[in-house]
2 protein chains.
Amino acid sequence: MAQTNLSLRQLRAFLALAEQRSFTQAAATCHLSQPAFSALIRTLEGELNTRLFDRDTRSVELTAEGRLFAASARRLVEDFGAALVDLNDHVERRKGRVHIAALPSLAAGWLPAVFAGFRKAWPGIELNLSDLLSDACVDLVRSGKADFALASTGVSHAGLSTRLVCTDRFYLVCRKDHPLAAEASPTLKKLAPYPFIHMSRNSSVRQALEAALHPQQANTVLEVDQLATAAGMVEAGLGISVVPALTLFHFERKNLVTRPLAASGLTRKIYLVRRQEGSLSAAAQALHDLVIETMKARTP
Amino acid sequence: MAQTNLSLRQLRAFLALAEQRSFTQAAATCHLSQPAFSALIRTLEGELNTRLFDRDTRSVELTAEGRLFAASARRLVEDFGAALVDLNDHVERRKGRVHIAALPSLAAGWLPAVFAGFRKAWPGIELNLSDLLSDACVDLVRSGKADFALASTGVSHAGLSTRLVCTDRFYLVCRKDHPLAAEASPTLKKLAPYPFIHMSRNSSVRQALEAALHPQQANTVLEVDQLATAAGMVEAGLGISVVPALTLFHFERKNLVTRPLAASGLTRKIYLVRRQEGSLSAAAQALHDLVIETMKARTP
DNA sequence: CACACTTACGATATTCGTAAGGATT
DNA sequence: AATCCTTACGAATATCGTAAGTGTG
């Protein structure tokens with residue numbers, strides 16, 4: 001008994017017959033020939049080891065046991081259907097949840113448009129974004145709390161797979177009246193004498209910058225956490241700064257100019273980080289694909 | 001999607017694999033060869049239109065969709081199993097309810113032993129007895145409130161089937177010191193002169209008696225509702241009475257004697273009444289069979 | 001190369017629809 | 001005679017197990 005094998009179709013057939021009380025009609029409902037339907041009911045009765053219908057040529061009625069089972073069967077078919085619909089909603093991305101982690105610079109400037117596009121395509125999917133510094137992003141992925149991350153780690157962590165999605169060139173930002181504003185594409189060396197406004201030491205922007213400067217030291221005048229703050233400081237004339245292209249929107253201000261740095265190998269690499277094993281949910285995969293696609297479109 | 005056909009076995013296989021995370025082991029659990037099991041999972045994934053497991057030669061893990069479905073599947077298999085167990089309990093008469101109606105004379109004297117036997121055989125079945133006069137018994141059956149009845153109706157009602165289960169001979173009951181006590185088997189005529197204690201007019205005992213007497217009139221001294229009352233009255237010397245064999249236990253008292261009436265065609269016929277169409281529940285059928293069997297044993 | 005999942009394939013079992021049978025009105 | 005469920009039976013389909021294939025540590 002514990003190993004009985006019943007199918008959803010048998011339950012549906014049973015319920016159809018219980019409601020319509022006619023083999024002929026119920027068979028039509030189930031898209032079966034009447035004899036096949038009859039056999040199906042007989043099989044079901046055999047598996048349940050009881051007669052479910054009193055039937056003769058004139059009438060078809062549930063037995064007491066049939067009525068009992070009908071109540072269960074109705075609920076089972078409903079629950080089964082609900083489970084299938086729910087699963088399918090997730091598969092078809094009508095429901096679901098995606099949690100990604102991304103560097104604040106991406107979260108503020110570039111991601112919103114991606115999220116908007118995603119939302120439009122899959123309005124039923126709940127989005128969750130952790131805008132954190134690179135290491136924290138990676139930790140969320142490793143712990144499974146985030147589906148994937150956009151971070152600047154080049155280190156290949158065990159169990160994580162990283163994929164380069166963007167190489168972000170750096171730009172000088174300074175006031176229009178600054179001497180460097182005259183240069184179309186200044187070199188790093190030329191920047192050295194001027195007071196410099198840094199991002200905080202653990203930001204990806206700062207780390208890429210330090211790595212590029214290495215033996216050199218910048219003439220630090222100020223260290224801030226937020227790019228918007230840096231923009232304000234530069235505009236106020238406290239100093240210059242150097243930031244990746246994807247953050248330039250912060251510096252689109254009347255009194256500021258931005259200049260690509262002369263080829264210096266100074267770039268910030270952005271990686272998509274995900275767990276090595278375990279596929280993404282349908283929803284996460286969709287966002288993943290959209291991210292990749294959008295990135296490709298930006299820098300072909 | 002609405003017409004997907006899943007089987008309980010597929011769900012069990014899916015859950016086995018989700019838990020054991022090994023095709024080989026899960027296949028063994030399901031008593032299948034590993035390739036057959038593999039095909040089964042593949043079919044399931046096809047029907048659900050999604051991959052449920054991330055698998056390679058080294059590891060088998062649920063996908064996000066698989067985890068979602070696993071929760072549903074677990075509950076479905078449980079509910080399904082519970083429904084099957086419940087149904088089987090009814091089929092095997094470990095659970096259930098039987099409601100019968102019976103004449104008070106049977107309810108008090110003869111049925112208790114039958115019920116005791118039934119209870120012993122099927123301790124899980126709830127018993128329900130309506131001890132009512134014949135017409136009320138039949139009404140309960142007709143309305144479907146009782147599974148069957150033991151009544152004295154000979155009338156064949158539409159939609160009901162009646163079956164004679166017992167022909168109850170009548171006995172004189174009187175005091176030991178009554179003149180009739182001397183007769184081993186008095187005739188009805190001899191009773192006529194003596195004061196008579198009747199059952200109420202709508203009782204089956206009274207009706208059978210009136211039918212037998214017909215042109216004659218009894219010398220009624222008293223009319224009572226309960227046989228026990230009649231017994232007390234007879235013992236007190238108020239009169240004699242005539243009652244069916246099955247009620248004689250009421251009259252087994254020190255100062256009373258019972259005498260079978262001489263062949264007079266005076267009998268009370270007891271019928272088992274049930275609905276013509278519609279089988280009995282397993283529990284009701286069991287009680288039905290026990291009633292028939294016990295009746296047969298009493299009067300072979 | 002050993003282990004674990006997949007593919008290939010012939011054999012078996014199940015399920016189907018058509019046609020004939022039986023019972024009831 | 002008409003209607004409805006059941007039985008009979010050959011055909012189509014699905015499922016099984018064995019054996020070979022593939023990929024990974």
Side-chain angles (χ1 to χ4, degrees), chain A residues 3-63 66 158-159 161 275-279, chain B residues 3-63 66 158-159 161 275-279:
Chain A
Q3 281 305 337
T4 46
N5 179 27
L6 299 182
S7 69
L8 198 46
R9 211 163 52 94
Q10 282 175 303
L11 293 191
R12 278 196 275 251
F14 166 67
L15 290 178
L17 183 54
E19 280 170 24
Q20 311 193 209
R21 309 193 312 197
S22 153
F23 278 70
T24 309
Q25 288 178 245
T29 303
C30 296
H31 309 291
L32 275 174
S33 72
Q34 191 273 327
F37 184 87
S38 191
L40 194 153
I41 295 293
R42 197 180 326 120
T43 303
L44 177 61
E45 289 181 325
E47 283 176 311
L48 296 179
N49 194 35
T50 187
R51 279 183 38 259
L52 296 169
F53 295 94
D54 284 324
R55 48 190 183 273
D56 54 35
T57 48
R58 276 311 134 187
S59 84
V60 176
E61 291 291 339
L62 283 167
T63 60
S161 86
R275 290 158 71 106
Q276 211 151 32
E277 57 191 43
S279 57
Chain B
Q3 281 305 337
T4 45
N5 179 26
L6 299 181
S7 69
L8 199 46
R9 210 162 53 94
Q10 282 175 303
L11 292 191
R12 278 196 276 252
F14 166 67
L15 290 177
L17 183 54
E19 280 170 24
Q20 310 192 208
R21 309 195 311 198
S22 153
F23 278 70
T24 309
Q25 288 177 245
T29 304
C30 296
H31 309 291
L32 276 174
S33 71
Q34 190 274 325
F37 184 86
S38 192
L40 194 153
I41 295 292
R42 196 179 328 119
T43 304
L44 177 61
E45 290 181 324
E47 284 177 308
L48 297 180
N49 194 35
T50 187
R51 279 181 41 258
L52 297 168
F53 295 95
D54 283 323
R55 47 191 184 273
D56 55 35
T57 49
R58 278 308 137 189
S59 84
V60 176
E61 291 291 341
L62 283 167
T63 60
S161 87
R275 290 158 70 107
Q276 212 150 32
E277 56 191 43
S279 58

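Lettering of chains follows the sequences in order, A, B, ..., and the numbering in each one begins at 1.
The CG atom of L52(A) lies 5.0 Å from the CZ atom of F14(A); values are rounded to the nearest 0.5 Å. Distance check: L8(B) CG to Q10(A) CD gives 10.0 Å after rounding to the nearest 0.5 Å. Expressed to the nearest 0.5 Å, how far CG of L44(B) lies from CG of N49(B) amounts to 11.5 Å. Here the CD1 atom belonging to I41(A) is positioned 5.0 Å from the CG atom belonging to L17(A), to the nearest 0.5 angstrom. In this structure, OG1 on T43(A) lies 11.5 Å from CG on N5(A), to the nearest 0.5 angstrom.
Remark: R42(A) engages no residue in a salt bridge (charged side-chain N to carboxylate O under 4.0 Å, His left out) (not counting sequence neighbours). Here E277(B) pairs with nothing under the side-chain contact (heavy atoms from CB on, under 4.5 Å) rule; sequence neighbours left out. A search for side-chain contact (heavy atoms from CB on, under 4.5 Å) contacts involving R275(A) returns V141(A), L160(A), not counting sequence neighbours. Partners of R51(B) under the side-chain contact (heavy atoms from CB on, under 4.5 Å) rule, at least two apart in sequence or in another chain, are E45(B), D54(B). For T57(B), there are no side-chain contact (heavy atoms from CB on, under 4.5 Å) partners, not counting sequence neighbours.
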Between the protein and nucleotides 10-12 of chain C, are there any N/O to N/O pairs under 3.5 Å, and if so, what are the atom names and distances?
none

Return the polar atom pairs (N/O with N/O) between nucleotides 13-15 of chain C and the protein under 3.5 Å, or none.
none

For nucleotides 11-14 of chain D, give me every protein contact, N/O to N/O, under 3.5 Å, one pair per line with atom names.
none

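Listed by first and then second residue, the side chain to side chain donor-acceptor pair (under 3.5 Å) pairs involving residues 25-39 of chain B are Q20(B)-T29(B) (not counting sequence neighbours).
Nearest heavy atom pair, residue V60(A) against residue R55(A), reads CG2-CB, 4.2 Å. Heavy atoms only, all atoms of each residue included: C30(B) and F37(B) are closest at SG-CE1, 3.8 Å.
At whole-Å resolution of the value, CD1 in I41(A) and P in dC4(D) are 17 Å apart. When rounded to the nearest whole Å, the span between CZ of F37(B) and P of dA4(C) equals 15 Å. Remark: C1' of dC5(C) and CD of E61(B) are 15 Å apart, rounded to the nearest angstrom. The distance between atom CD of E45(B) and atom C1' of dC5(C), rounded to the nearest whole Å, is 12 Å. Protein atom CG of L40(B) is 12 Å distant from nucleotide atom P of dT6(C), rounded to whole Å. In this structure, R55(B) places its CZ atom 17 Å from C1' of dT24(D), rounding to the nearest Å.
Although no hydrogens or angles enter the test, the distance criterion places no donor-acceptor pair under 3.5 Å between the side chain of S7(B) and the main chain of L6(A).
Under the 4.5 Å side-chain criterion, counting only non-hydrogen atoms from C-beta, L32(A) is in contact with R9(A). For the pair F53(A)/L62(A), a side-chain contact is recorded, criterion being any heavy-atom separation below 4.5 Å from C-beta on.
The side chain of R42(A) contributes no N or O atom lying less than 4.0 Å from OP1 or OP2 of dC5(D). Regarding contacts with the backbone of dC5(D), every side-chain N or O of S38(A) stays at 4.0 angstrom or more from both OP1 and OP2.
Annotation: the terminal axes of the helix from dC1(C)-dG25(D) to dT25(C)-dA1(D) meet at 20°, where each axis is the rotation carrying the C1' atoms of four end pairs onto the next four (5 pairs per end, rounded to 10°).
Listed by residue number, the members of residues 13-24 of chain B with any heavy atom below 4.0 angstrom from DNA chain C are S22(B), F23(B), T24(B).
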Item to check | Reading 5' to 3' through nucleotides 18-25 of chain C, protein heavy-atom contacts under 4.0 Å coded B for base, S for sugar-phosphate only, - for none | outcome: BB--BBBS
